[in-house]
Amino acid sequence: QCPWGAPSTTSISCSLADVMSEQLAKELQLEEENAAFPEVVAAAEGPFITGENIDTSSDLMLAQMLQMEFDREYDAQLRREEKKINGDSKVSISFENYRKVHPYDSDSSEDEVDWQDTRHDPYRADKPTTTPRRGFIGKGKDITTKHDEVVCGRKNTARMENFAPEFQVGDGIGMDLKLSNQVFNALKQHAYSEERRSARLHEKKEHSTAEKAVDPKTRLLLYKMVNSGMLETITGCISTGKESVVFHAYGGKSATEGKVIPPECAIKVFKTTLNEFKNRDKYIKDDYRFKDRFSKLNPRKIIRMWAEKEMHNLTRMQNAGIPCPQVVILKKHILVMSFIGQDQVPAPKLKDVTLSNEDMKKAYYQILNMMQQLYRECNLVHADLSEYNMLWHDGKVWLIDVSQSVEPTHPHGLEFLFRDCRNVSQFFQKGGVAEALNERELFNAVSGLNITAENEVDFQAEIEALEKMNEDHVQNHGKKLSTFSSDGDPPIYDE
Ligand code: ADP
Ligand code: MN
């Protein structure tokens, strides 16, 4: 006997006419249905594909945020226990190795270099020095803590609701979500593989959504800043530019003692979509400070360099006493600085404010002075100076947006300076400041050079000749001219 058994072959006999009429009836019904609900079929296809993606990303966010909260609580408890055990004893035991480390911290792979120590400008030295990361590598499996998981979990879930509106946290509150660390570790694991999978899957999609303000990774970093208490709240977006998005935030307390977080902060997020930065290559590629690194970096890191550059340039300006935002912290492509303005209202750009004749004149002389300071003391050319990047606050002009600023010896540095001068002198001449120098006079006044050409074309030709000369000098004498000190004597053109 065949072990599979024999198929029961009960043959149903029917006439051809029956079959035909049955088929006909089906066809007719289908036709009718299609006519009645054509849109249902179409609609069912649309969101099916995108819906999944959205859910994935928000679940991922939810999981990561909760995990961070748990880790934070865990570490706090750990600290309490550490303190209790050690008491006043002379020999103390450290629990440091048991601290939880969030995946984003522990993942200290190639692209995890932050330049948090603003006291040092790494480009002054030959080799940038990195600040060691604060995170610790630890395995907390063996330690038991006494936290009340129910209360803690619920509290954490509720806390997320206070966060900025653009954070999708799901309906954790409605579900009375209380999740243990074990569950979360599993969830985290899942989120991880899911993230990798979806990253591959949606790479294209991510790149095309340039207008989307912040990607999940950025959101997570922002969340971390709030989570750590450094920022109180991120209130909202003040500007969406081509290359950056700027948020307003209320400052919290500093993680490192002694450093004061300004009451209001501006968070500049450099966009991680790449195509927009292509046209800025020329600023950074030829900047000797970045030259060595440029070739070795992937595009994501290059974008981080913009944030880094802005930070160092702001620090130089701050040291020279030029009114500008003060750097609070740099995290990857996110730069936190003091907010110029008050009560969430950013100071107006010079182009948007109507100044009295007196203030206009005052502003002009202040800018002339600042441009000189920038050039001589900071060894920088703003390179995007115009009424768009100057804010009027507290009766004076504040300079912002210096990520593209370069040193005067940059192969195009003097051209950039000339363009800056043209913007400034045109703005003030139109604004009725009779004393305003024309662009060529301003250029000489700022740079200390003495280009005598009477017309613009000749003037520019001389500028380019100087740049060429300088380039040749650099070619012959190595990349960095030893005669240049970044804190002082500007260029070598008079050689
Ligand atoms: P972008 O490269 O997009 O022009 P900016 O640095 O100029 O970037 O910032 C864009 C806008 O955000 C500015 O025009 C200004 O209105 C606002 N902004 C930037 N930084 C600050 C700050 N520190 N305080 C207040 N407003 C700021
Ligand atoms: Mn700007």
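Atoms within a ligand are numbered from 1 in the order they appear, just like the ligands themselves.
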Please determine if [X] has a nitrogen or oxygen closer than 3.5 Å to a nitrogen or oxygen of ligand 1.
{"X": "E310", "answer": "no"}
{"X": "A347", "answer": "no"}
{"X": "D401", "answer": "yes"}

Would you say the side chains of N423 and D420 form a donor-acceptor pair under 3.5 Å? no

Hydrogens and angles aside, do E407 and H410 bring a side-chain donor and acceptor to less than 3.5 Å of each other? no

With distance as the sole test, does D343 use its side chain to make a donor-acceptor pair with the main-chain N or O of V345 at under 3.5 Å?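 Not at all, since once roles are kept as given, no pair shorter than 3.5 Å links the two residues.
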
Would you confirm whether R419, through its side chain, and A383, through its main-chain N or O, come within 3.5 Å as a donor-acceptor pair? yes

Of the backbone and side-chain N, O or S atoms of S239, does one lie nearer to the Mn ion (ligand 2) than 2.8 Å? no

Would you say D384 has an N, O or S atom lying under 2.8 Å from the Mn ion (ligand 2)? no

Please work out which of [options] has its closest non-hydrogen atom nearest to [atom].
{"atom": "atom 15 (C) of ligand 1", "options": "V402, L335, V246, I400", "answer": "I400"}
{"atom": "atom 21 (C) of ligand 1", "options": "S239, P348, P262, A266", "answer": "A266"}
{"atom": "atom 3 (O) of ligand 1", "options": "S244, G341, S338, C324", "answer": "S244"}
{"atom": "atom 24 (N) of ligand 1", "options": "I340, L391, T240", "answer": "I340"}

Would you mind telling me which of V336, V269, I238 makes a side chain to side chain contact (heavy atoms under 4.5 Å, CB included) with F247?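 The side chain to side chain contact (heavy atoms under 4.5 Å, CB included) with F247 is passed solely by V269 among V336, V269, I238.
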
With atoms numbered from 1 as shown, which atoms in ligand 1 lie under 4.0 angstrom from a non-hydrogen atom of N389?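 The list of qualifying atoms is 7 (O).
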
With a 4.5 Å cut-off on side-chain heavy atoms, are Q475 and E471 touching?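 Answer yes - side chains close enough.
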
The Mn ion (ligand 2) -> D401, closest N, O or S atom is OD2

May I ask you to decide if the ring planes of H248 and Y250 are parallel, tilted or perpendicular, using 30° and 60° as cut-offs? perpendicular

